[in-house]
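Being a predicted model, the structure only gives us computed values, none of them experimental. Whatever order the structure lists ligands and atoms in, that order sets their numbers, starting from 1.
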Amino acid sequence: MYDRDFFLKKAQENLPVLYYKDITPDITEFLASTGDSVLLDLGEHAVGHFSFSFDNIEDFIDAPVRLIIKFGEDMREIEDDFSLYEEGLSKTWLQEEIINLDFPQKTALPRRYACRYIKITVDKTNKPIKLFDFCFRASTSAAVSALKPSEASDTLLKKIDLVATNTLKECMQTFFEDGPKRDRRLWIGDLRLEALTNYYTFKNLEITKRCLYLFAAGGRDKLGFLPSFVYDTPYYFSGSAHIADYALLFVVSVCDYYEHTADRTVVDELLDICKSQLESFRAILDKNLIVTRQEGWFAFIDWCPGLEGLTALQGVYLYTLERFSKLLKAIGDDEHEKYSLHLCEVRRACRERLYDENAGCFINELDNGQLSVHSQVWMILGGVVDGKEAEELLISCLENKNAKQPVTPYMRHYVTEAMFKLNMRDKAVQYLKTFWGGMLEHGADTFWEAYIPEDLDFSPYDNRTINSLCHAWSCTPSYFIRKYGL
Ligand code: RAM
């Protein structure tokens with residue numbers, strides 16, 4: 001009934017407005033000769049455009065001036081030598097420009113940057129020059145002035161909330177970007193967590209709707225799954241990856257949206273797509289109702305190296321089924337019984353086939369005998385285990401050095417969510433403070449894409465320089481702090 005054009009039109013109607021703020025760095029003027037450099041500090045992480053002026057001091061410049069301008073989300077990035085970067089992800093994500101200026105002038109760089117620090121090096125000038133009039137025009141679609149401060153009384157939680165809302169604010173542009181430095185696109189897994197935090201902070205419903213419609217317009221893969229990412233600049237382009245857990249989390253995002261808005265129109269428009277995602281997943285279950293391995297980048301779950309994520313993926317399916325059958329019940333759709341019945345059957349199958357009674361945890365052939373926090377967390381969130389048993393399972397796995405541990409704040413979100421589900425409030429708060437608070441101890445202005453406390457050089461892409469230090473999926477402490485009144 002609804003086609004791609006319909007969804008793109010809807011997405012366009014919900015284009016959020018951008019708010020701008022001019023930030024002037026700590027230094028206002030710099031006199032320079034060849035080889036000199038100046039470091040500008042914006043005092044905060046910002047996403048936007050940079051401009052500056054330069055002029056002669058005494059004599060005319062004589063020849064064009066060449067500047068190297070480097071933008072860093074932190075000082076480490078400024079200090080890293082980009083020429084040593086070995087390709088994994090493209091080096092063109094590293095924010096550095098070499099520009100030649102023919103005459104004294106005001107220059108506005110055309111590209112958008114995400115940074116706190118800007119280093120300008122005068123690569124060549126024949127005569128001394130003056131650099132001045134530095135300005136960074138920052139943008140966001142988050143209405144910052146309307147944001148209520150968190151009511152947390154704990155100083156660390158307050159600080160974490162500030163940095164988390166700041167992270168979300170930076171990622172809120174014309175859609176929910178995953179990272180304003182990299183990848184600058186809309187991923188379902190990130191969208192889900194950004195939207196969730198947005199309901200408790202900036203409450204910008206337009207951007208959430210827009211993102212849901214952008215995915216609804218996307219092309220499906222041969223299994224019928226939505227694309228796991230889309231681009232919208234300079235025109236709409238549906239991404240080439242189709243990740244099963246992300247396709248399911250689209251459905252969850254629609255459920256979250258209804259739960260927070262009771263907006264029936266959007267749900268009605270997206271309902272068939274949600275059903276189709278669940279049907280596509282159901283089609284890849286074996287006769288015992290357990291997911292079967294598919295080709296390619298099929299499940300994400302986390303960037304943990306070597307992770308076998310199928311048990312976790314099965315948990316995402318259960319989690320989605322539960323949320324979706326509740327949504328159907330709430331809107332009076334008769335199919336809710338079909339989904340809740342299926343949910344019970346799949347839960348039973350997981351307990352029988354994925355749980356090892358002797359080991360006392362979810363460890364099985366599906367994941368080649370690998371023990372991971374990921375499996376336990378998603379089986380808890382999927383409702384296969386509950387209460388004290390689940391609590392003990394979670395704690396022992398988190399403490400087990402031989403178990404695969406989460407490496408992204410994305411997966412850490414779901415660990416925390418599992419703790420709240422099990423009413424482990426104190427443990428959840430401690431977990432939030434230790435993990436997200438740990439990034440603060442390293443001077444984070446915004447929360448990072450990946451963080452392993454014992455390995456600050458960790459990168460999912462083999463080089464920390466390319467990591468995004470302001471990443472959407474890391475913003476959820478504000479959701480927990482505000483939702484649970486911590
Ligand atoms: C990375 C990005 C993005 C995430 C995907 C799966 O490329 O960090 O945010 O959703 O992985």
Side-chain angles (χ1 to χ4, degrees), residues 45 47 73 77 87-95 114 164 167-173 175-198 207-208 211-212 214-215 218 221 225-233 237-253 294 296-310 312-313 316 374 378 406-414 436 439 444 446-452 458-476 479:
H45 187 282
V47 177
E73 293 193 298
E77 215 168 300
E87 297 260 333
L89 297 183
S90 175
K91 66 180 176 192
T92 52
W93 285 117
L94 304 177
Q95 308 177 104
T167 306
L168 177 59
K169 175 200 100 191
E170 298 290 86
C171 295
M172 286 172 69
Q173 299 295 327
F175 58 88
F176 283 126
E177 294 186 15
D178 66 326
K181 176 183 113 175
R182 205 219 83 242
D183 302 325
R184 296 175 64 160
R185 71 197 64 160
L186 173 63
W187 288 85
I188 294 179
D190 304 76
L191 152 67
R192 199 254 155 163
L193 299 188
E194 289 176 282
L196 210 52
T197 308
N198 177 39
I207 192 172
T208 308
C211 293
L212 293 173
L214 286 173
F215 278 115
D221 69 353
F225 291 131
L226 286 172
S228 32
F229 63 85
V230 296
Y231 307 88
D232 91 328
T233 309
F237 201 94
S238 168
S240 51
H242 301 263
I243 303 173
D245 36 337
Y246 274 21
L248 293 170
L249 290 174
F250 174 82
V251 180
V252 175
S253 307
Q294 304 291 311
W297 192 20
F298 163 58
F300 169 60
I301 305 297
D302 186 24
W303 274 124
C304 173
L307 180 74
E308 302 276 355
L310 289 196
L313 177 60
V316 181
H374 310 70
W378 277 109
V407 303
T408 57
Y410 169 79
M411 187 59 214
R412 299 271 187 170
H413 165 90
Y414 289 107
W436 277 272
M439 282 187 257
T446 46
F447 288 125
W448 309 338
E449 174 179 22
Y451 169 53
I452 303 183
F458 175 76
S459 167
Y461 326 102
D462 297 329
N463 193 322
R464 193 261 185 196
T465 314
I466 207 85
N467 286 9
S468 153
L469 299 186
C470 173
H471 215 68
W473 63 25
S474 313
C475 71
T476 60
Y479 158 74

Set of residues that line ligand 1, where lining means a heavy atom lies under 4.0 Å from it: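 Correct list: Asp178, Arg182, Asp183, Trp187, Asp190, Tyr246, Trp297, Phe300, Trp303, Glu449, Tyr461, His471, Trp473.
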Between Trp473 and Phe300 (judged by ring centroids, cut-off 6.0 Å), do the two rings come close enough to count as a pair? yes
Ring centroid separation for Trp303 and Tyr461, is it under 6.0 angstrom? yes
Test item: Gln95 side-chain N/O and Ala114 main-chain N/O as donor-acceptor pair under 3.5 Å: yes
Does Lys181 pair with Glu449 as a salt bridge, N-O distance under 4.0 Å?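 Salt bridge flag = no for Glu449 with Lys181.
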Between the side chains of Ser468 and Asp178, does any donor sit under 3.5 Å from an acceptor? no
Taken in chain and number order and not counting sequence neighbours, the residues that satisfy side-chain hydrogen bond (donor to acceptor under 3.5 Å, both in side chains) with Arg184 are none
